[in-house]
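First comes the structure, then the notes that go with it.
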Amino acid sequence: MTGTPDWEKANNTYLTASLAWLTSRLDALTPRHPDPGEGSVPDRTSAPDRPPAEPPRRGETGERRARDHSAGPPPADGADIGELEVAREAAAEVGEGTAPPALVQVAGRLGLSDFERDVLLLCVAPAIEPRVGGLIAAAQGDPGATAPTFALALRLFDDARWDALSPERGLRFWRLVEPVGAGARPLVTVPLRADDRIVDLVRGLNRLDERLAELVEHRPDPAAGLDLPPSSRAVADALVGAALTETPDGRFPVIQLLGGDEQSRELVAVRAMARFNRDLYHLPVDALAGAGADVDLVARLWQRDSLLLPNALLLDATDADPGGAVVQRFLSHVGGLVLLATREVWPITGRATSVIDVTRPSPAEQAEVWAVATGLALEGAPRALAGQFRLSVPAIHRIATALRPTLGPRPAEEAGVADGEGPERLWAACRASARPRLEALAQRTVPRAEWDELVLPEEQTSLLRQLVAHVRHQATVFSTWGFGERGTRGNGVTALFSGPSGTGKTFATEVLARELGLDLYRVDLSAVVNKYIGETEKNLRRVFDAAEDGGALLLFDEADALFGRRSEVRDSHDRYANIEVSYLLQRMEAYEGVAVLATNLRAALDPAFLRRLRFVVDFPLPAHAERRRLWSAAFPPAAPLGELDLDALVELPVTGAAVQAIALGAAFLAAGDGEPIGTRTVLRAARMEFRKLGLPLTVPNGERVRR
């Protein structure tokens, strides 16, 4: 149905002719009382009342009515019903290229007979032409009954059928008309009310049903103007092919779109549905479940609107449990094109189904999209962005559109701006876009630590720099050089940092995050681990999925609590604990981002994890040379220092974290004494720190301090 001026004119012409025809039929059916001045009142005791006149049947002419005086008085205003019928049918014949009138289209698309179409017109008419309500009341002999009944329709129209008011026939199946206040009354005598959506449609206003509009959201093309990458185009083609597949029940199959990338799913769905000239609407499962007992009504209304507009539905069950009763009931009743967004295949009973995997474009494809969207050279920022961030085409389009004005040539007044500012803005925007939504499962930290603050032996420092190189060049190695095609495992960079507490594991993670330009998320194991079966796996899946876009570095501190060894199964607790570890093994293997596991107890980890980690870095206790560097950098430049005997302090067996704690404690002691920070003050703070840890301390003068 279209809203062009030519169509609106044709629809109004047809509606006017139909209302005139209906008005004349109602008027002809209305009993007429003689004027008191024309003669005496007939003797009602001697002869029965003449029944109300029957309107002429379709095709009767004025000449036939003139011969048949029993047909009653002529139509109102002298109009001939037969001529009005001809005029109405002529108005339905629109010119080439113009769609039929709305009422004709409704009847055709919803399979209504001529009689059912006329009944619908009768129910719609009072809302369009108020005068019709009075004629309906007069025809039914009840001044207050302005809504028609089925009994009136049976008398009024040709080819009347009793089954037209059956729940299985179009009028009630599609909720076009509804009986109002039936109670114990016979259904044929109950007033019929036309659905507001259908009233508007007959007038020429075709829009989504208000009851549906509260549940669904229209999805426009999220990357208009950008071509689909080859992999996404192949998915869209597969979706179109699945929709064209014939099914035994004649309905479209339910097409399951598998994957966790919501934006990529919607893009291919919008593009595929555009080939069917259908708009895509998004319906979350939570909203559907909120409909409660009205799920059947939602399914019926959606199926009706998919025929009248037409539309396609994307039912989002990404985070729902497979096989949910509400979704199953909805899918069993709904018709039209329905796409089910989910992470894994759902068992759907009673419906044909197709399964299509939807993934993000490859890094090479993402680089091409970045180059087109930004206008930058492929070998520059596009490749760097695609190498780090795994963003969908809509996300790339949104970021590039927002920053495109800042990426071109600089005006004269900005000549001093660094050439790399545009790419840096792109990187920051990607980092913000890929920022995971982890809420209570992890704490975000903005990394500030730098390489020159990290004190480690050369071997460990070299491993950390290699880790950075792996992250930065993974797109080149896996995509451009083809190494990614040789394996099915994830291409993420994962590492284990092991060593005693305070040796710099967390600090090194901050250095890596700052160097790579990523946010650091420290996973809260107390929030992730759940005593209820399956909840820990769900939380872990949320963590990994959220971080996989590439904008974050995950830190699992005290990882031995989560990645511990699998044990012999003695009870159900052992069995489910082993299931959690097995899930972690699989998820770590498939992970595409950057993650660090930190532990003080390397031996407590399941050995299977070590094989799946790219790097294992041991953090030893600081040797003499490392302790000197730690003490040399322990105090800020602004701190008031007295005489410090570094040779004496270096002899203290402390870690980097302990050095920082002692330096801070010495600063507060010196501030309280009103003196500069000296060796004696530092040693006093050291004694306090060692007492706290329950360790003995031998100071340079040989004094031994115990707890």
Side-chain angles (χ1 to χ4, degrees), residues 222-223 226 228-229 231-232 259-267 358-404 406-407 420-438 442 444 446-447 467-480 484 490-494 512-521 542-555 590-596 614:
L226 282 181
L228 289 178
S231 61
S232 300
D261 184 6
E262 176 183 348
Q263 294 182 347
S264 293
R265 281 197 313 247
E266 288 191 358
L267 176 61
V358 182
T359 59
R360 290 185 181 92
S362 67
E365 290 176 330
Q366 292 178 46
E368 293 282 355
V369 175
W370 275 115
V372 172
T374 61
L376 298 175
L378 180 62
E379 296 301 327
R383 284 209 184 278
L385 295 171
Q388 176 58 49
F389 301 99
R390 280 156 289 281
L391 299 179
S392 63
V393 173
I396 294 173
H397 177 265
R398 182 177 63 253
I399 294 171
T401 301
L403 296 181
R404 182 68 181 270
T406 70
L407 303 178
E421 183 176 349
E424 287 177 2
R425 290 178 180 176
L426 283 172
W427 185 279
C430 290
R431 180 173 168 177
S433 177
R435 182 169 294 163
R437 298 182 297 273
L438 295 176
R444 175 173 172 263
V446 179
L467 190 154
V468 171
H470 277 232
V471 175
R472 284 180 172 165
H473 301 297
Q474 58 183 341
T476 300
V477 173
F478 288 120
S479 181
T480 306
N491 297 328
V493 178
T494 52
L512 294 177
R514 180 181 175 85
E515 176 71 14
L516 293 169
L518 305 177
D519 290 323
L520 176 61
Y521 279 84
R542 288 178 56 198
V543 169
F544 283 115
D545 288 352
E548 206 150 34
D549 285 350
L553 188 156
L554 289 181
L555 170 61
Y591 185 53
E592 297 284 347
V594 185
V596 172
R614 188 86 65 86

| query | In Å and rounded to the nearest 0.5 Å, what is the OG to CD distance from Ser232 to Glu365? | reply | 6.5 Å
| request: Only counting residues at least two apart or in another chain, list the ones meeting ring-ring contact (aromatic ring centres under 6.0 Å, His included) with His470. | output: Phe615
| Any side-chain heavy-atom pair from Thr359 and Asp261 closer than 4.5 angstrom? | no
| Looking only at atom types and distance, does a side-chain atom of Thr401 sit under 3.5 Å from a main-chain N or O of His397, one as donor and one as acceptor? | yes
| Sidechain-backbone polar pair: Arg390 side chain, Glu592 backbone, donor-acceptor under 3.5 Å | yes
| request: Report the residues that fulfil side chain to side chain donor-acceptor pair (under 3.5 Å) with Thr374, sequence neighbours left out, ordered by chain and then residue number. | output: none
| task | Report yes if some heavy atom in the side chain of Leu228 is under 4.5 Å from a heavy atom in the side chain of Val393; otherwise report no. | result | no
| request: Go through Leu554 and Val594 one step at a time and tell me if the side chain to side chain contact (heavy atoms under 4.5 Å, CB included) criterion holds. | output: CA-CA 6 Å; Leu554 289 181; Val594 185; over 6 Å; no
| Heavy-atom pair with the smallest gap, counting every atom of Val471 and Gln388 | CG1-OE1, 3.1 Å
| How far does OH of Tyr591 sit from OG1 of Thr494, to the nearest 0.5 angstrom? | 9.5 Å
| Any sub-3.5 Å donor-acceptor pair from Arg472's side-chain atoms to Leu516's backbone N or O? | no
| query | How far apart are the closest heavy atoms of Ser231 and Pro361, and which atoms are they? | reply | OG-CA, 3.9 Å
| field | Between CZ on residue Arg360 and CG on residue Leu391, distance to nearest 0.5 Å | value | 7.5 Å
| Sequence neighbours excluded, which residues qualify as side chain to side chain contact (heavy atoms under 4.5 Å, CB included) partners of Ala367? | Leu378, Arg383, Ala386
| query | Hey, mind stepping through Leu467 and Arg614 against side chain to side chain contact (heavy atoms under 4.5 Å, CB included) and telling me if it holds? | reply | CA-CA 8 Å; Leu467 190 154; Arg614 188 86 65 86; over 6 Å; no
| query | Would you say the side-chain atoms of Trp370 pair up with the backbone N or O of Ile396, donor to acceptor, closer than 3.5 Å? | reply | no
| task | Apply side chain to side chain contact (heavy atoms under 4.5 Å, CB included) to the pair Leu555 and Leu520, showing each step before the final yes or no. | result | CA-CA 7 Å; Leu555 170 61; Leu520 176 61; 4.0 Å; yes
| request: To the nearest 0.5 Å, tell me how far Cys430 SG sits from Leu518 CG. | output: 11.5 Å
| query | Side-chain contact, heavy-atom cut-off 4.5 Å: Gln474 with Val493? | reply | yes
| request: Apply the side-chain hydrogen bond (donor to acceptor under 3.5 Å, both in side chains) test between Ser392 and each candidate in Arg398, Gln366, Gln263; give the one that qualifies. | output: Gln263
| task | May I ask you to test the Tyr521-Leu553 pair for a side-chain heavy-atom distance under 4.5 Å? | result | no
